[in-house]
Amino acid sequence: MKALEGVKILDFTHVQSGPTCTQLLAWLGADVIKVERPGEGDITRGQLRDIPDVDSLYFTMLNSNKRSITVDSKHAQGKEVLESLIQTCDVLVENFAPGALDRMGLTWERIQELNPRMVMASVKGFGPGPYEDCKVYENVAQCAGGSASTTGFDDGPPLVTGAQIGDSGTGLHLALGIVAALYQRNTTGRGQKVLAAMQDGVLNLCRVKLRDQQRLAHGPLREFPQFPDGEFGDAVPRAGNASGGGQPGWILKCKGWESDPNAYIYFITQAPVWKAICEVIGEPTWLTDPDYAKPAARLPRLKSIFARIEQWTMTKTKFEAMEELNRHDIPCGPILSMKEIAEDQSLRATGTVVEVDHPTRGKYLTVGNPIKMSDSATEVTRSPLLGEHTDEILRDVLRYDPDRIASIHQSGALGVKPRMAAE
Ligand code: CAO
């Protein structure tokens, strides 16, 4: 038994934000039926391809554990199929550009008419306001949500981050909204609309920076690298690698940094282990020296303190430093490359990195479910081929008889007839 067993999701999502949401729901046990445009399907199937004519890793890594049906939503009979699916499913998830679903005739009013219990969940770039009609991709959301202006170094331009906080982050927010709406439906019997705007999702993840914006009114941000010598303007500046929390931290070089771009460690000068830090790096006098003994005294000297600690970290590899510092409970983190993560056996053992077999691609790695539940285990299965389950869904989910299935195929609403999944 899985947590969301019995929940049927009509997955009208594409690209990244929506698919991350429905993939999570599939891992939690929901039956996710991905509706795709006949012929081409989700645009990511063909984007960033590494092997010709094979679904890209972009697609396969965002669409595990789903079934695929191809339906032309603008074809009369395709619309009929979609409306039957709306009547059968519990949740419709979509991340089309604003207005696209309405243009298909699937307004919220129509959806409620068809199925008052339906939860309709959407990702949009922006919530209601001046930008509500804009199309939005990941980095647009990072910029509009406050991440880019606060990321990077003070003397450089704004930076986007590698973590897909706009897409995957918003998918996560939406998944939570869907699960909560399903829970509320148990009491009310009604569905509801759930909206996660990417700008809002990014801002939610950047809330510490809005905290700092308000702190700025009361004086300089003393844990920032701009303190004490630099200037603070009227907006939160980029903090480089400074910690966003109350424990100062920085990225320091380790042995091999000259040739290895990831031979670095994140070092946190947590106050309760200051004694251990001083002993490990060989600066015992810092324990009693009034310039170093107390956290507030250290703030204006962080640059030189980290430079001294770096002299020590440069004598160790990042893994040696990690081992030694953790022996003293000093919080730190090696800068792991994607190669190291892909090869990490402990991540494989927990199912966080999973190898999956695919009929046309062969074996590939994907990121498994980061949420581990004691009574709802996740087995990651491969992404579906385009339209692989079209007939299976018409037959088993919509209970259409063979004549009806044949007639819909004949109409052209499903594209070219795919092979049955079992064939
Ligand atoms: N059958 C027929 N038509 C279909 C279809 C199907 N099965 N599935 C989709 N379509 C049509 C839509 O109806 C739409 O047509 P109209 O514009 O004529 O109404 C069309 O495909 C394109 O949809 P779109 O506008 O959503 O796609 P796009 O590539 O132009 O824009 C994106 C992509 C992501 C910018 C836009 O969808 C968007 O802003 N989404 C919301 C924010 C979001 O999720 N962004 C994250 C993207 S990941 O970085």
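Note that this is a predicted model, so its numbers are computed, not measured. Order of appearance sets the numbers: ligands from 1, and atoms from 1 within every ligand.
- The closest non-hydrogen atom to atom 15 (O) of ligand 1, taken over M198, K74, M104, R103, comes from K74.
- In terms of N/O distances under 3.5 Å, ligand 1 is not approached by Q16.
- Counting only heavy atoms from C-beta outward, the side chains of L221 and L216 approach each other to under 4.5 Å.
- Of the listed options L82, V136, T13, V136 places a heavy atom closest to atom 42 (C) of ligand 1.
- Every atom of ligand 1 with a heavy atom of V123 under 4.0 Å away is listed here by number and element: 41 (C), 44 (O).
- Two residues are said to be in side-chain contact when any heavy atoms from C-beta on lie closer than 4.5 Å; V7 and L25 fail this criterion.
- Set against the non-hydrogen atoms of E36, the atoms of ligand 1 under 4.0 Å away are 7 (N).
- In the vicinity of H14, heavy-atom distances shorter than 4.0 Å reach the ligand 1 atoms 26 (O), 27 (O), 33 (C), 37 (O).
- Between the side chain of E310 and the backbone N or O of L252, no donor-acceptor pair lies under 3.5 Å.
- Judged by distance alone, the side chain of Y266 and the main-chain N or O of N241 form a donor-acceptor pair under 3.5 Å.
- For CG of L336, the number of neighbouring non-hydrogen atoms (other residues, nucleotides, ligands) closer than 6.0 Å is greater than 12.
- For atom 30 (O) of ligand 1, the nearest non-hydrogen atom of the protein is K135 NZ, 2.4 Å.
- Residue V15 has no nitrogen or oxygen atom sitting less than 3.5 Å from a nitrogen or oxygen atom of ligand 1, judged on distance alone.
- With contacts defined as side-chain heavy-atom distances shorter than 4.5 Å, the pair R190/Q192 does not qualify.
- Ligand 1 has an N or O atom lying under 3.5 Å from an N or O atom of R37, backbone or side chain.
- For ligand 1, the atoms lying closer than 4.0 Å to a non-hydrogen atom of E138 are 49 (O).
- Residue nearest to atom 47 (C) of ligand 1, selected from V71, L174, V35, D167: D167 (by heavy-atom distance).
- Atom 29 (O) of ligand 1 has as its closest protein heavy atom Y137 OH, 4.2 Å.
- Proximity of R110 to M104: side-chain heavy atoms (C-beta onward) are nowhere separated by under 4.5 Å.
- T313 contributes a side-chain N or O that, together with a main-chain N or O of K253, makes up a donor-acceptor pair within less than 3.5 Å.
- A salt bridge links E223 with R215: the distance from a Lys NZ or Arg NE/NH1/NH2 to an Asp or Glu carboxylate oxygen falls below 4.0 Å.
- In terms of protein heavy-atom proximity, atom 25 (O) of ligand 1 is nearest to A97 CB, 3.2 Å.
- The protein heavy atom nearest to atom 40 (N) of ligand 1 is N95 O, 2.9 Å.
- Taking atom 6 (C) of ligand 1 as the reference point, the nearest protein heavy-atom neighbour is S73 OG, 3.4 Å.
- Every atom of ligand 1 with a heavy atom of D72 under 4.0 Å away is listed here by number and element: 1 (N), 2 (C).
- Counted within 6.0 Å of CD on Q87, heavy atoms from surrounding residues, nucleotides or ligands total more than 12; the atom is thus considered enclosed.
- Scanning both residues, T269 and Q247, for their nearest heavy atoms gives O-OE1, 4.1 Å.
- Using a non-hydrogen distance threshold of 4.0 Å, G18 does not register as a contact of ligand 1.
- For atom 23 (O) of ligand 1, the closest non-hydrogen atom on the protein side is F96 CD2, 4.1 Å.
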